[in-house]
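Computed from a predicted structure; not experimentally measured. Computation of the quantities below employed the complete heavy-atom set of this structure, encompassing side-chain atoms and omitting hydrogens, waters and symmetry-equivalent molecules.
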Amino acid sequence: MSIEVTVVIAGVGLLIGMAKGGFGPVLGALATPILSQVMPVSQAVATALPLLMIGDVFALRLYWNQWNFRQLQLLIPSAVLGVFLGAYLLTTLPDTLLRPTLGLFSLLIVAYKLVSDRLSVQSYRPHNWHGYVAGGASGFGSAVANAGGPPFTAYMLLQKLDPAIFMGTTTLFFITVNLIKLPSFWLAGLMDDTPILTILVMLPVVFVGSAVGRHFVKSVNPKMFETVMMVLLILASTLLFI
């Protein structure tokens, strides 16, 4: 593996740790688009998965036992189907189609962020099928591009949960989705070219990123930081279309 790829993986591990430490999912959403600049999209998705799972463990410690099982029961079954469908597409679509698909998913994250503040104040009547749709879309987006956050978060914002329960439910949902993705990716052969040893070496990097996130999240202007991250995400997404 080249030094360039190793450096990129280290940088992505740091970003994921910072995202899990408090900077939020927009920062973590940069992981796959950045990795895809130095490797095929399917390999980038598979390489980011263990790093995301390591970050999930750190987040789980922060929100242990603070989740809404009712919402998880609605979301997870359809998310499983979405993961299997997404894993199938990763193994069948050529990279020339996967790159614009990843770019589209990344731009949808930008679009979601532009309207997310309005979702939490909408008049809303919940229905079970809303959870099924959100779960399926999140599982599919997570499998194809590690980008399952927008449909899941949009749905959860409408439920008006306590912030700690919101974060705990989000953490447990994506840990579950990622645990389902791992054997699915393995059986599909997507993990064959994943540099597992390099990723394991990066575990301290994710931990450092998590610590940095926790330490600086209170001192950094969140709006300014989020704007910078959105610009970077748009840039990374645009490169995937070129």
**Q** Rounded to the nearest 0.5 Å, what separates atom CZ in F185 from atom CD1 in I180?
**A**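 If we round to the nearest 0.5 Å, F185:CZ and I180:CD1 are 11.5 Å apart.
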
**Q** To the closest 0.5 Å, what do you measure between CG (L203) and CG (L51)?
**A**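 Interatomic distance, L203 CG to L51 CG, rounded to 0.5 Å: 9.0 Å.
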
**Q** Once rounded to the nearest 0.5 Å, what's the spacing between atom OG1 of T170 and atom CG of N68?
**A**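 It is 10.5 Å, given to the nearest 0.5 Å.
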
**Q** Taking the side chain as every heavy atom from C-beta outward, state whether M53 and V57 have any pair of such atoms under 4.5 Å apart.
**A**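 The answer is no; the side chains never approach within 4.5 Å.
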
**Q** Do any N or O atoms from the side chain of K181 and from the backbone of L49 form a donor-acceptor pair under 3.5 angstrom?
**A**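 Not confirmed, K181 side chain does not pair with L49 backbone.
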
**Q** Could you report the tightest heavy-atom contact between V12 and A31, atom names first, then the distance?
**A**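 For V12 versus A31, the nearest heavy atoms are CG1-CB, 3.6 Å.
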
**Q** Out of L182, L172, V83, which one pairs with V177 under the side-chain contact (heavy atoms from CB on, under 4.5 Å) rule?
**A**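 Single pass found, and it is V83.
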
**Q** Apply side-chain contact (heavy atoms from CB on, under 4.5 Å) to the pair L89 and F140, showing each step before the final yes or no.
**A** CA-CA 10 Å; L89 289 179; F140 178 78; 3.4 Å; yes

**Q** I'd like to check the side-chain hydrogen bond (donor to acceptor under 3.5 Å, both in side chains) partners of T169; sequence neighbours left out, ordered by chain and number.
**A**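 With neighbours one apart ignored, the set is empty.
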
**Q** Roughly how far, to the nearest 0.5 Å, is the CG atom of L60 from the OG1 atom of T171?
**A**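 Taking OG1 in T171 and CG in L60, the distance rounds to 7.0 Å.
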
**Q** Between I175 and W186, is there shared hydrophobic-cluster membership here, with clusters defined by ILVMFWY side-chain heavy atoms closer than 4.5 Å?
**A**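 Cluster IDs for I175 and W186 match.
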
**Q** When you measure from the side chain of S142 to the backbone of G139, do you find a donor-acceptor pair of N or O atoms at a distance under 3.5 Å?
**A**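 Pair absent, no side-chain N/O of S142 close to backbone of G139.
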
**Q** Between Q71 and Y155, which heavy-atom pair has the shortest distance, and what is it?
**A**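 Smallest heavy-atom distance, with atoms named: OE1-OH, 2.5 Å.
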
**Q** Between OG1 of T176 and CG of L72, what distance do you get to the nearest 0.5 Å?
**A**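 Atom-to-atom, T176:OG1 and L72:CG are 7.0 Å apart.
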
**Q** Group every Ile, Leu, Val, Met, Phe, Trp and Tyr by side-chain heavy-atom contacts under 4.5 Å, then state whether F84 and L75 land in the same group.
**A**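 Yes.
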
**Q** Locate the shortest heavy-atom distance separating G82 from A143; write the atom from each residue and the value.
**A**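 Minimum heavy-atom separation between G82 and A143: O-CB, 4.4 Å.
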
**Q** Any chance you could measure L187, atom CG, to T91, atom OG1, to the nearest 0.5 Å?
**A**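 Between L187 CG and T91 OG1, I get 11.5 Å after rounding to 0.5 Å.
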
**Q** Using the ring of each side chain (for Trp, its six-membered ring), is F152 parallel, tilted or perpendicular to F173, with breaks at 30° and 60°?
**A**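 If you compare the ring of F152 with that of F173, the planes turn out parallel.
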
**Q** Say whether I76 and V133 are linked into one hydrophobic cluster, either directly or through other cluster members, by side-chain heavy-atom distances under 4.5 angstrom.
**A**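 Linked, I76 and V133 end up in one cluster.
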
**Q** If I compare all heavy atoms of S78 with all of G131, which pair ends up nearest, and what's the gap?
**A**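 Residues S78 and G131, closest heavy atoms: OG-O, 4.0 Å.
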
**Q** Let me check something: any side-chain donor-acceptor pairs from residues 41-48 under 3.5 Å, sequence neighbours excluded? List them with distances.
**A**
{"from": "Q43", "atom 1": "NE2", "to": "D193", "atom 2": "O", "distance (Å)": "3.0"}
{"from": "T47", "atom 1": "OG1", "to": "Q43", "atom 2": "O", "distance (Å)": "2.7"}

**Q** For W67 and N65, work out which heavy atoms get closest and say how close.
**A**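 Closest approach of W67 to N65, heavy atoms only: CH2-N, 3.0 Å.
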
**Q** With sequence neighbours left out, what residues match D56 under side-chain hydrogen bond (donor to acceptor under 3.5 Å, both in side chains)?
**A**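 By the side-chain hydrogen bond (donor to acceptor under 3.5 Å, both in side chains) rule, D56 matches K20, N178.
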
